[in-house]
Amino acid sequence: MANNYKSNSSEFNPELLLSSFKFPEDPVDPHELQYAYHQNGLQFIKVLPTFASLFSMTSSLHDMNLPGLQVDTRLLLHGQQYIEFHKPLPPTATVHNKFSLAGLHDKGKAAVLEIETKSYDMGSGELLCINRSTIYLRGAGGFSKSSPPFSYSNYPTNQVATVKIPKTKPFTIHEESTQPSQALLYRLSGDYNPLHSDPTIAKIAGFSRPILHGLCSMGFAVKAVIKTMCSGDPNMVKSVFGRFLLHVYPGETLITEMWIEGSRVIYQVKVKERERAVLSGYVDLHHRTSSL
């Protein structure tokens with residue numbers, strides 16, 4: 001299967017989206033305030049690395065030109081996300097996104113798509129980051145007639161390996177609550193999937209009420225890693241991986257457990273109210289802080 005490249009451009013201004021992540025949680029904490037304010041102006045504001053995941057949402061499944069694949073976006077579930085950073089994200093920019101189909105798998109009752117998005121700063125032409133998204137489309141499987149069912153991927157295997165959560169006590173733990181309106185706020189990012197806002201659609205999909213976006217939960221987890229393991233410096237992050245294990249309801253409390261393995265921080269997020277793991281992954285760092 002040949003890569004089917006598409007491209008588009010988008011304006012990037014993280015300051016407009018801070019409320020989606022409840023920023024700043026503590027308006028006098030410098031680790032929080034750096035994402036919203038700098039005394040010398042907007043150009044000095046830091047950007048949370050997971051804002052880069054928004055670039056991958058500019059690609060449309062309908063743009064992938066996959067004849068025979070029936071897509072009902074109401075039944076779409078985000079499986080996992082990998083982000084690789086090549087430059088620190090600027091506070092504001094026009095970004096050129098080039099996306100392609102990196103994988104397609106027929107799972108019988110579902111189809112799995114892997115989409116790669118490369119994002120460039122249109123001003124300098126420099127590559128900012130690479131997103132690799134794995135999307136589960138329930139009800140879209142059975143499109144191939146071959147045996148075994150169709151399966152293709154050019155994902156690097158080291159980026160999709162199962163994260164093994166250590167059985168030892170976490171190095172540190174961070175707890176933070178989401179807001180009951182968190183999913184509605186996160187819609188400001190441009191993800192308007194009604195699964196996160198429409199109670200009727202949520203029930204059709206099998207949930208008691210609208211669920212929180214997986215990327216929003218991952219944003220909370222990575223922010224916890226930066227705050228507790230990177231002395232608040234987001235530019236220490238080299239790459240991020242997250243696998244979405246279970247849904248989160250807006251208003252629930254997220255507990256992020258963290259372990260250190262060399263320059264990698266392994267994390268697991270649990271919902272306090274249900275005592276269930278909802279997200280696991282890792283954050284690779286350029287280096288470890290001297291305090292760790």
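- With ring centers used as reference points, Phe241 lies 6.0 Å or more from Tyr82.
- In terms of heavy-atom proximity, Ala202 sits nearest to Pro210 at CB-N, 3.5 Å.
- Side chains of Ser208 and Tyr249: a donor on one and an acceptor on the other come within 3.5 Å.
- Residues Leu113 and Thr134 have side chains not in contact (no heavy-atom distance under 4.5 Å, counting atoms from C-beta outward).
- If you check the side chains of Thr117 and Asn97, you find no donor sitting under 3.5 Å from an acceptor.
- Residues satisfying the salt bridge (Lys or Arg N to Asp or Glu O under 4.0 Å) test with Asp198, not counting sequence neighbours, are none.
- With sequence neighbours excluded, the residues that form a side chain to side chain contact (heavy atoms under 4.5 Å, CB included) with Leu127 are His86, Lys118, Tyr120, Ile130.
- Atom NE2 of His78 sits about 8.0 Å away from atom CD of Gln80, to the nearest 0.5 Å.
- Scanning for side-chain hydrogen bond (donor to acceptor under 3.5 Å, both in side chains) contacts around Ser151 gives His105, with sequence neighbours left out.
- By the neighbour-count criterion of 12 heavy atoms within 6.0 Å, atom CZ of Arg274 is densely surrounded, having more than that number from other residues, nucleotides or ligands.
- By the salt bridge (Lys or Arg N to Asp or Glu O under 4.0 Å) test, Lys272 is found to be paired with Glu175, residues two or more places apart in sequence or in another chain being considered.
- Residues satisfying the salt bridge (Lys or Arg N to Asp or Glu O under 4.0 Å) criterion with Glu126, sequence neighbours excluded, are Lys87.
- The salt bridge (Lys or Arg N to Asp or Glu O under 4.0 Å) search around Lys270 returns Glu257, not counting sequence neighbours.
- In this structure, Lys98 does not pair ionically with Glu116, as no charged nitrogen and carboxylate oxygen lie closer than 4.0 Å.
- Looking only at atom types and distance, the side chain of Gln268 has no donor-acceptor partner in the side chain of Ser280 under 3.5 Å away.
- Distance check: Met218 CE to Phe244 CZ gives 5.0 Å after rounding to the nearest 0.5 Å.
- With contacts defined as side-chain heavy-atom distances shorter than 4.5 Å, the pair Leu101/Tyr152 does not qualify.
- Looking only at side-chain heavy atoms (C-beta outward), Leu184 and Tyr186 stay at 4.5 Å or farther from each other.
- Between the side chains of Gln81 and Ser133, at least one donor N or O sits under 3.5 Å from an acceptor N or O.
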- Query: Under the side-chain contact (heavy atoms from CB on, under 4.5 Å) criterion, do Ile135 and Leu77 qualify, and how do the steps go?
  - Reply: CA-CA 6 Å; Ile135 307 298; Leu77 288 176; over 6 Å; no
- Determine, step by step, whether Val225 and Met258 satisfy the side-chain contact (heavy atoms from CB on, under 4.5 Å) criterion, reporting the C-alpha distance in whole Å, the side-chain angles of both residues, the deciding distance to 0.1 Å, and the verdict. CA-CA 7 Å; Val225 171; Met258 292 161 266; 3.8 Å; yes
